[in-house]
Structures are given as structure tokens and as C-alpha cells.
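Only one structure is covered here, and it is reproduced in the block below.
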Amino acid sequence: MKVLVAEDVGASGIDLLRDAGLHVDLGFDWTREQLLERIGEYQGILIRSATKADAELLARASNLQVVARAGVGVDNVDVDTATRQGVVVANAPQSNVVTAAEHTMALLLALARNVPQAHASLVDGRWDRSKYSGVELQGKVLGVLGFGRIGQLVAHRARGFGMQVVAYDPYLAEDRFAELGAERAADPADVYAVADFVTVHLPKNKDTENFLDADAFAAMKPGVRILNVARGPLVDDDALKAALDSGHVSGAALDVFREEPVTDHPLFGYPNVVVTPHLGASTAEATDRAGYQAAEQVVAALTGQPVTTAVNVPAIGADDLAAVEPFLGLCVSLGRIAAALAPEPSLEGLEVEFLGRVADRDHRLLTIQVVKGALTGRTEEAVNDVNALALAAERGLAVTATSHSTARDFTDLVRVTVRTAAGDTRVAGTVVGRRHRPHLLEAWGSRFNLQLEPHLAVFSYTDRPGMLGRLGTALGDAGINIVSAAVGRRPDDESDSATLVVTTDGDVPASVLTALGDDFAAARAINL
């Protein structure tokens, strides 16, 4: 077996490959043309971020069995093409968690004690001892926005300095906060009201972009200090600048920026702002750890062992995979819809029921797809087939799966129930036709049959004439077309309660849902 190490991933990873009996070539200085010419020789390739394992490269990789990236993401790998070619794609998702948490603490201390400013002053020939007096961490409140792995590690370290931790994460089970020694905030405002320092560790998506904006800063305590070692777009730069200029925010520490690399920024000259060039994952240990962990995955893939960080290959038999594959997209969608329709965002349990022929197959992969759908956009880490169940367990989400060999009215059926402190929500679906199109059959207690599309909205209301027309008018005014619609009445319910589901050709904006509030008891817009 031959492995190409295309980039410098550290000596420990290379040694591990060789100790496993693999022939290792180092291609650190290869050109793209050389890589394309020779990739067909190798069963494995280990890369970092510079090498593009794209469709062009994979087309030449006739013997390739595994691509491993020494890093968290796989953005430079065409995972779909690799999957179609039967190539395992793996990464090193845990390689920088500790490093990012430690860098957050480094910036926290630097911000509290004015370390960079005092250093610059002293080497410039000034003894400004009184000018750079700082504040203690002991007894201060650290507000953590996003309580995933990195946020939890930061909280643990902050408590070692005698800080009180108040954390906000609507997707983490309530009892996990107490286990981790943090006070649970019901919403961000609860953090802003008490925090002396605010650190953000949220995933980047359309809901979290500019999470810290002018309104957020205005709601914070005067003199608060801000840290961002997660993602640049989480903070509104203009709003932060205005808050610093007004003195409401007394300092900030930033490791990430909206555009990178960046050497010119409005806040770079501020005396109360500490900046670093995206060093959150940059330590010798993290680099070496990433290389070693990626090399472990290459060895596993080429020696028939489980690839524990694979992002694309299920560990089930070929026959079962062929049988359950048509349900993969449906299960992701059902998980996402169920979580979106839940009465509150904090999920405590997730139950998946397989009915009919699919129940007789190895449906573990389908359960994972449901969990992926339920957690997508709710965790700091990207959710994939490998880490979905681990992330669910970490967040206190109990996952169960059951099977029934028969399904009433359908050959196959998948039901998903999410449990929250405020109640349970169930959805159901199946696939239809030779093209296995996903259909939603149940939501909010009502039954119908609607083909799923990328954009949908679900409404609960008291059924009476003209409701669909009101919705259509509101969507039309917003420039949105209805693709399809279905109304379901709730069985054995004499209150005329009904559920209306529409699929649309674009996102349904929150403003439309708000405008319809008087007509509908509840409304959710969901993008699949």
C-alpha cells in the first residue's frame, strides 16, 4: 500500500504510517501537475488545506481508497465525488479543540491585564505602570454564547480562575449546564445582563451572523469586554466599533475576522483592542495532533479497521446500504422538521421508529441521518455521520430507535419524535415512486401527504374558509411562489384544529410569519 503525504503534517503522523508498514512518499514540493500525474499510484493521500482533492484529482486517483485531512473541516475535498468513487474521506475533528479554548483564555487574560499594550509601551521606552492597571478575573462573570466543546472547555478553565460562568445554548439539555458548572441562561439577554466578559463560540449560519450587534451591545453591562475566537461574522464590526467609541464596551479581543487574511481593520489601532491573526488552532501540538489523527485514519482505512472520523462512509453491509439509501435524505429532513416544530429549542430526547420493510434492514445509518438533521446548525462543530451520535450524547439528547415489521397504509414509514420539557412533537414520512421522492405524512398531530422541497412552512390554525388564500396573498406580496400545499385535520379532534404545510420556491421570511400571527396559532419556516 502506498500513501502520499502531500503536505507537511508533522513527523509523528508520517512515522505512524511507516510503522504500520505503508510505503510513504512525501510530496511537499510537488506541483499540481505532478500530483495529477502521479495520484493514480496511491491508495491513500494525507493533506492539510493547500491541496485540493477535487473532482479532477479524484478522477485520476484510480487506486485511491482514503483521503485524510489533517484538520477539522474537509472544505478542500470533493466529498460527493469521493463517495461515489468509494473513497473514504476522514479528518481530525478534535485536533484543535483544546488549542482554541486555551487561546480564548490567553486573550481573556491579555484583555483583563492589558498585556499587549503594556509590552508595546515598555519596549518603546516607557514605564507606564499605572496606565495599564487591569482587572482581576476572580469573582467576575464570564458569559459564554454557544456551549459546545470549546465553550465548555473555556468555562472549565475560567472556573479555575474563580470566575462565575453563565452560558447560553438553546440546544443543550438543561441538566448539562449544572454538570459543567455553569448557570443556564434562558436567552442571550440573561447573559448580557450579568456578564463582565462575553465570549462567543457559536456556529456560523444565517441565524448567528452578526449575533453580537448594536442591540446586543446595548443590552450588556457598561464596561463589558468582548472575545471572539470562533468566527469573524458572528460580530458586527461597525456595532462593536461604535460600542467601543462610546465607552459602553471597554475592550475587545479578536482572533477571527470577517475577511481573512486582513492587515487593515478599523479596530487595529484601538488601544483597548487585542488582536491576533487567527491563531486559535495554531500550536505545535495541534498541528502535530492533527497530522497524527489523520494518519491514524489512513492506517485504519487501508488495514480494514473502523475509520472513526470518516465523514462519508457508513459501516453497514452493501445490501443493507442499497436498501436504506433511498431514505437517507428523508431522514435528514424529518430530523430537521421535527426539531424545528418542537415547542422549544432545547431537545431532551429523539425517538426514531422504522416501520415496514425498511425496519428489517440495518437502519443505524438512517438513525444517524435523523440526528444530523435535528442538530444541524445547532452545534459549533459540523455534524456528520461519524460525530452525530457523540454530539447528541454530549448535549444530553437521548436517542432511541425501534422497529416494526408492518406499516399501516404504506410499505415503509419513518416516524420521528422529539421530546422537550414543554412536550413532544412527532413527524412521519416515506419515499414514493421509482425516484424515491420524500413525502411528509404527519406534523403537529395532523396527517396529509406532501412531497418535500427545499423550502417549506408549517402552520397550525383553526380551520375555516379562506386561510390558504390569506397565506397565498402574504407569500405573493413577499414575492414567493407556493409550489404545493396540503391541509391535515387532526383525527378525533372536535376543535377544528388543522395543520397547513406549503412548499415554496424560496425562503419564507420571518416578517411573513409575523404578519400572519393573528391568523395562525403557530408558524415555522424550514429550509432543508
Side-chain angles (χ1 to χ4, degrees), residues 145-146 168-171 187-189 200 202-219 231-239 258 329 332-347 373-379 418 425 427 438 440 443-444 446 448 450-464 466-488 498-528:
L145 301 172
Y168 167 73
D169 193 320
Y171 310 116
D187 56 53
V200 58
L202 295 164
K204 178 189 171 294
N205 54 47
K206 67 176 186 178
D207 295 323
T208 60
E209 186 167 358
N210 293 326
F211 196 89
L212 294 186
D213 57 11
D215 291 338
F217 293 129
R231 295 158 180 85
L234 299 177
V235 177
D236 183 329
D237 293 336
D238 293 336
R258 194 169 295 270
V332 173
S333 296
L334 291 178
R336 192 143 191 180
I337 294 168
L341 298 183
E344 62 177 37
S346 180
L347 308 181
L375 293 182
T376 295
R378 297 165 174 251
T379 65
V418 294
T425 299
V427 299
L440 183 66
W444 272 344
S446 299
F448 34 74
L450 184 75
Q451 181 175 308
L452 287 172
E453 303 291 347
H455 309 285
L456 72 151
V458 185
F459 302 85
S460 176
Y461 65 105
T462 299
D463 198 12
R464 59 184 185 272
M467 297 300 287
L468 180 58
R470 295 183 192 183
L471 175 60
T473 299
L475 292 174
D477 290 343
I480 299 169
N481 289 318
I482 293 178
V483 177
S484 58
V487 174
T499 301
L500 168 61
V501 184
V502 297
T503 61
T504 60
D505 64 357
D507 293 354
V508 178
S511 59
V512 172
L513 302 182
T514 301
L516 290 166
D518 293 338
D519 294 323
F520 295 92
R524 302 281 195 281
I526 306 164
N527 295 316
L528 301 177

To the nearest 0.5 angstrom, please state how far the CG atom of L440 sits from the CD atom of E453.
12.0 Å

In Å and rounded to the nearest 0.5 Å, what is the CG to CG distance from D236 to D213?
6.5 Å

Are any side-chain N or O atoms of N527 and backbone N or O atoms of H455, one a donor and one an acceptor, separated by less than 3.5 Å?
no

Under 3.5 Å: donor-acceptor pair, side chain of R470, backbone of L516:
no

Can you tell me how far the OG1 atom of T462 sits from the CE atom of M467, to the nearest 0.5 Å?
8.0 Å

Considering all heavy atoms, the nearest S446-A498 contact:
OG-C, 4.0 Å

Test side chain to side chain contact (heavy atoms under 4.5 Å, CB included) applied to L475 and N481, step by step:
CA-CA 7 Å; L475 292 174; N481 289 318; over 6 Å; no

Between A342 and T425, what is the shortest heavy-atom contact and its length?
CA-OG1, 3.5 Å

Does the T208 side chain pair with the main chain of P203, one donor and one acceptor, at a distance under 3.5 Å?
yes

Looking only at non-hydrogen atoms, find the nearest pair between V508 and A457 and report the distance.
CG2-CB, 4.1 Å

Looking only at heavy atoms, the pair that brings P345 and Y171 closest together is O-CD2, 3.5 Å

Hey, what's the ring geometry for Y461 with F520, parallel, tilted or perpendicular (30° and 60° as the breaks)?
perpendicular

Stepwise side chain to side chain contact (heavy atoms under 4.5 Å, CB included) test for F448 and V487
CA-CA 6 Å; F448 34 74; V487 174; over 6 Å; no

Starting from the C-alpha separation in whole Å, work towards a yes-or-no answer on side chain to side chain contact (heavy atoms under 4.5 Å, CB included) for L456 and L450.
CA-CA 10 Å; L456 72 151; L450 184 75; 5.7 Å; no

Check whether any side-chain N or O of R231 sits under 3.5 Å from a backbone N or O of R258 as a donor-acceptor pair, and report yes or no.
no

Verify side chain to side chain contact (heavy atoms under 4.5 Å, CB included) between V502 and S484, making sure each step is shown before the conclusion.
CA-CA 6 Å; V502 297; S484 58; over 6 Å; no

Between S460 and T499, does any side-chain donor sit less than 3.5 Å from a side-chain acceptor?
no

The side chain to side chain contact (heavy atoms under 4.5 Å, CB included) partners of P454 (sequence neighbours excluded) come to none

I'd like to check D519 versus R464 (side-chain heavy atoms, cut-off strictly below 4.5 Å). Are they in contact?
yes

How close do A216 and F211 get, heavy atom to heavy atom, and via which atoms?
CB-O, 3.9 Å

Can you tell me how far the CG atom of L471 sits from the OG1 atom of T504, to the nearest 0.5 Å?
9.5 Å

Tell me if a side-chain donor or acceptor on R336 pairs with a main-chain N or O of L528 at a distance below 3.5 Å.
no

Can you name the nearest heavy-atom pair linking A485 to L468, along with the distance?
CB-CD1, 4.2 Å

Using a 3.5 Å distance criterion without hydrogens, assess whether the side chain of W444 forms a donor-acceptor pair with backbone atoms of L341.
yes

Got a second to check how far L234's CG is from E209's CD, nearest 0.5 Å?
8.5 Å

Indicate yes or no: at least one non-hydrogen side-chain atom of I337 is less than 4.5 angstrom from one of L452.
yes

Tell me the salt bridge (Lys or Arg N to Asp or Glu O under 4.0 Å) pairs involving residues 499-517, sequence neighbours left out?
K206-D507

Just verifying a value: how many Å separate I482 CD1 and T503 OG1, rounded to the nearest 0.5 Å?
8.5 Å

